[in-house]
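For reference, the structure discussed in these notes is given below.
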There are 2 protein chains.
Amino acid sequence: MAELAEDFDDFAQPESAQAAQPTTENDTPEPASKESQHDAISSAASSTTTIKPDAKRNAFTEMMRPKPKPSISHQPHQSMAHKASQVIRGVWRGALVEYIDHPERFPAQVIRATPYTVLIKDAFPKATIHLLLLPRSPAHYLLHPHTAFADPAFLAMMREEAAEAAKLAAAELARQLGSFSATSRARSEAMDRGVSYDQLPPGRDYSKDIRVGIHAHPSMAHLHVHVISRDMRSERLKHKKHYNSFNTPFFVPLADYPLAEDDVRRETGYQNANLSKGLVCWRCGREFGSQFKALKSHLEEEFEAWRAE
Amino acid sequence: MAELAEDFDDFAQPESAQAAQPTTENDTPEPASKESQHDAISSAASSTTTIKPDAKRNAFTEMMRPKPKPSISHQPHQSMAHKASQVIRGVWRGALVEYIDHPERFPAQVIRATPYTVLIKDAFPKATIHLLLLPRSPAHYLLHPHTAFADPAFLAMMREEAAEAAKLAAAELARQLGSFSATSRARSEAMDRGVSYDQLPPGRDYSKDIRVGIHAHPSMAHLHVHVISRDMRSERLKHKKHYNSFNTPFFVPLADYPLAEDDVRRETGYQNANLSKGLVCWRCGREFGSQFKALKSHLEEEFEAWRAE
DNA sequence: TATTCCGATAGTGAC
DNA sequence: GTCACTATCGGAATGAG
């Protein structure tokens, strides 16, 4: 995944053309957006969409220092010698850099920005909640995830940022689905009955339904960590590889890094095979072979049951 | 090929329901037919659409004696012991029997009927002219063509009938395309100038553009000989197998019968491979691989050049 | 494994 | 190899001045 934003055409325009773009930061107008279900994330997190001036960790601050200047258009970055040879072919492959360099330009997409990362809504979400966590470090963001996460400091930073992202995602899941959840309803009904807080039933822990990880063979050039709800219910989920990229070992949880040198998930042949595997329901294990449509309608049923838990 | 008629639904109805069908023989109303380009064939041949009372050849007359009674619905015929086990599965596979048994019911489709054959327009023509010649002998019409044409008397009869069919087909081609033909135009212009008949240029011989043969693996149960113009220009030509079934050795000219025992065209594997072969233009030999659409548009160009000859 | 468009390929159902 | 429908699979373009 890690897709182009819906207003992709704007990305390639020269800086001057951006004057017409709304740049207001703290209101969330969702301009002409087809999605309206993410309101809670947008509004809940809008106060953090600007870059935090207070960098808490000095090691990180050093590592994450901004590039010498914002890149113009899609030329390769010159700041790192080992990246000079990495030419990003095709505009779409490098499109995520716009969010990294100019998060303030995308108030409808950007949920949170820190000196280290930008958290955006995936433009083509493959589940009820689907966010992308983008590291801002030019020294890392064009590396393959396996390589980038071999750097312990970088990995530690990404884990911390991802934990925050997962919290926001879980909160949004709760906002959207809480009214359908037996567990959550039990808690809110107890609340309505005036039960004291230390006596309340725990309510549903939606963080269990959020997964954090990367694709073994990303198509987008910039490193992006998926923060995605478990359901895989989305109109944008359109074919087998969409599904299998999140539901086979092709999806590598961030928690699994750093990968061992001999980890099978590094092997291209293995990962290509994963994408072509028969479809298996993530919830009940039922096999669908190549019958994607049948899986899709089954996922609708599972979604109802899952959100009712 | 050898397809169902357009008014296929009527076929499966009981005899009583056929009362509403027009049974007039010598006018050609083309009732609700989408095709209008076959008018010449219909009108030119309408005087022969009834079964000829005068059977010219006694051997044939004996061989072709009608079945004891017209079959009802699609039950297998009981008249021949060796056919008792041949159950026709699927209504469509046996649909051609209606034309054989009741040619008078299909004035819009039947071009000619004799005691030995019925000649119909293919309901899904794969070229400008596409006719089917159906033998009426129950002793032969459910046999595989290779087997049926091993009978010399049957083969001789079919060749004679096919020659007549090809004449009609060539005449219809001339009617439809003569005005586009340089050769034909030269003749008609000479005619207009009052050139005496023995001095007229010959005009185009359209019989060279008519091919007569069968498919090695027919899908329709009843033996049918294709009488088809060379162009392969038709909206009904929709995929590779349509084309290759007429433009590889899968198409066996009637002239090639009887086949030798070891003729490779008897082999199933060989013929399946023919259907999957890369597409090759029948006129210029250009190869199109699996690009059916590209072949289709190329055939449009070839059609223009071909009819201009 | 970015999407989208187009087209080729494959399975089924037809009563 | 009957058709017609659906769906799966597969390649190519995607920008730009």
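Order of the sequence lines sets the chain letters (A, B, ...), proteins ahead of strands, with each chain counted from 1. Values below: all heavy atoms of this structure, side chains included; hydrogens, waters and symmetry mates excluded.
- For DNA chain D, the residues of residues 260-276 of chain B within the heavy-atom distance limit of 4.0 Å (strictly under) are N272(B), L275(B), sorted by number.
- Partners of A273(A) by side-chain contact (heavy atoms from CB on, under 4.5 Å), not counting sequence neighbours: none found.
- Residues passing the side chain to side chain donor-acceptor pair (under 3.5 Å) test with E302(B), sequence neighbours excluded: R283(B), H298(B).
- One can place CZ of F250(B) at 7 Å from P of dG1(D), the figure rounded to the nearest angstrom.
- The NE2 atom of H242(A) sits 14 Å away from the P atom of dT8(D) (whole-angstrom rounding).
- Distance, W92(B) CH2 to dT12(C) P: 15 Å, rounded to whole Å.
- DNA chain C contains the following stems of three or more consecutive Watson-Crick or G-U pairs, with both distances under 3.5 Å: C:2-14 with D:2-14.
- Taking the P atom of each, dC5(D) and dC15(C) are spaced 13 Å apart, rounded to whole Å.
- Here R233(A) pairs with E300(A) under the salt bridge (Lys or Arg N to Asp or Glu O under 4.0 Å) rule; sequence neighbours left out.
- Rounded to a whole angstrom, the distance from the P atom of dC5(C) to that of dG15(D) is 12 Å.
- The separation between N244(A) atom CG and dC9(D) atom C1' is 14 Å, rounded to whole Å.
- Residues passing the side chain to side chain donor-acceptor pair (under 3.5 Å) test with N244(B): none are found, sequence neighbours excluded.
- Cation-pi contact between R211(A) and F251(A): present, with separation from the ring centre below 6.0 Å and deviation from the ring axis of at most 45°.
- As a whole-Å value, the separation of H146(B) NE2 from dG1(D) C1' is 12 Å.
- By the side chain to side chain donor-acceptor pair (under 3.5 Å) test, K240(A) is found to be paired with S290(A), residues two or more places apart in sequence or in another chain being considered.
- Look at NZ on K277(B): it is 20 Å from C1' on dT9(C), rounded to the nearest Å.
- Straight-line distance from the CZ atom of F288(B) to the P atom of dG11(D): 20 Å, rounded to whole Å.
- Note on ring orientation: taking the six-membered ring where Trp is involved, the planes of H226(A) and F246(A) are perpendicular (angle over 60°, cut-offs 30° and 60°).
- In terms of the ring pair (Phe, Tyr, Trp, His ring centres under 6.0 Å) criterion, F292(A) has no residue partners (sequence neighbours excluded).
- Among residues at least two apart or in separate chains, side-chain hydrogen bond (donor to acceptor under 3.5 Å, both in side chains) pairs with a member in residues 248-261 of chain A are H146(A)-Y257(A), D256(A)-R265(A).
- Per the geometry, CG belonging to L279(A) stands 13 Å off C1' belonging to dC9(D), to the nearest Å.
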Nucleotide N/O of nucleotides 4-8 of chain C paired with protein N/O under 3.5 Å:
{"from": "dT4(C)", "atom 1": "OP2", "to": "K238(A)", "atom 2": "NZ", "distance (Å)": "3.2"}
{"from": "dA8(C)", "atom 1": "OP1", "to": "F292(B)", "atom 2": "N", "distance (Å)": "2.8"}
{"from": "dA8(C)", "atom 1": "OP1", "to": "K293(B)", "atom 2": "N", "distance (Å)": "3.0"}

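- Every residue meeting the side-chain contact (heavy atoms from CB on, under 4.5 Å) condition with K238(B), not counting sequence neighbours, appears here in chain and number order: R236(B), H242(B).
- Residues passing the side chain to side chain donor-acceptor pair (under 3.5 Å) test with S276(A): none are found, sequence neighbours excluded.
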